[in-house]
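Here the structure comes first, spelled out in structure tokens, and everything after it is commentary.
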Amino acid sequence: MKRTLEWEDVPWERASCIGTDPEAFFPSVGEDRVAEQLIYTVRRVCGSCEIQAECYSYGLREPFGIWGGVTAKHRQSERRRMGLTVREV
């Protein structure tokens with residue numbers, strides 16, 4: 001059974017983030033106020049996206065960045081809960 005989506009399975013052309021600087025989805029790690037604001041802004045974009053669930057599902061395989069409004073740290077927690085590693089998804 002497939003646990004995550006493949007890149008080609010996600011209808012990226014319908015994503016709300018089209019036109020957004022891709023760097024915004026890879027903020028620097030830490031307690032930096034700029035990074036916190038960037039994460040907040042990106043989550044707002046993701047929150048209004050019609051493919052948020054698909055993006056998140058794909059993002060489970062990604063060790064970095066924000067996918068479906070979820071940070072790498074939170075996806076790592078989800079993978080642990082599911083008993084998966086990045087390579088297994």
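Note that the coordinates shown come from a computational prediction; the quantities given were computed from them, not determined experimentally. We count residues from 1, following the sequence as given. All values below were derived from every heavy atom in this structure, side-chain atoms included, with hydrogens, water molecules and symmetry-related copies excluded.
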Margin query: Please check this pair: side chain of Arg14 against backbone of Glu50, looking for a donor-acceptor N/O pair closer than 3.5 Å.
Written below: no
Next item on the list: Would you mind reporting whether Met82 and Arg79 have side-chain heavy atoms less than 4.5 Å apart?
Entry: no
Notebook entry, point to check: Is the backbone N or O of Tyr56 less than 3.5 Å from a side-chain atom of Arg75, with the two atoms forming a donor-acceptor pair by type?
Noted result: no
Check: Which heavy atom in Thr71 sits nearest to a heavy atom in Arg43, and how many Å separate them?
Finding: CG2-NH2, 3.3 Å
Next item on the list: Might you point out which heavy atoms bring Ala15 and Cys49 nearest each other, and give the distance in Å?
Entry: CA-SG, 3.7 Å
Checklist line | Cys55 versus Gly68, closest heavy-atom pair with distance | finding: SG-N, 3.1 Å
Next item on the list: Measure across Ile39 and Pro27 and return the closest heavy-atom pair with its distance rounded to 0.1 Å.
Entry: CG1-CG, 3.6 Å
Note to self: Checking the side chain of Arg61 only, and the main-chain atoms of Leu5 only, is there a donor and an acceptor separated by less than 3.5 Å?
What the structure shows: yes
Notebook entry, point to check: Rounded to the nearest 0.5 Å, what separation is found between the CD atom of Glu54 and the CH2 atom of Trp67?
Noted result: 13.5 Å
Notebook entry, point to check: Are Phe25 and Leu38 linked, directly or through other ILVMFWY residues, by side chains that come within less than 4.5 angstrom of each other?
Noted result: no
Notebook entry, point to check: If you group Ile, Leu, Val, Met, Phe, Trp and Tyr by side-chain heavy-atom gaps below 4.5 Å, do Phe64 and Val45 land in one group?
Noted result: no
Item checked: Under 3.5 Å donor-acceptor, Trp12 side chain and Trp7 backbone -> yes
Item checked: Cys46 versus Gly69, closest heavy-atom pair with distance -> SG-N, 3.3 Å
Check: For Gln37, does its backbone N or O pair with a side-chain atom of Thr41 as donor and acceptor, under 3.5 Å?
Finding: yes
Margin query: Using every non-hydrogen atom in the two residues, find where Ser16 and Ser48 come nearest and quote the distance to one decimal.
Written below: OG-O, 3.5 Å
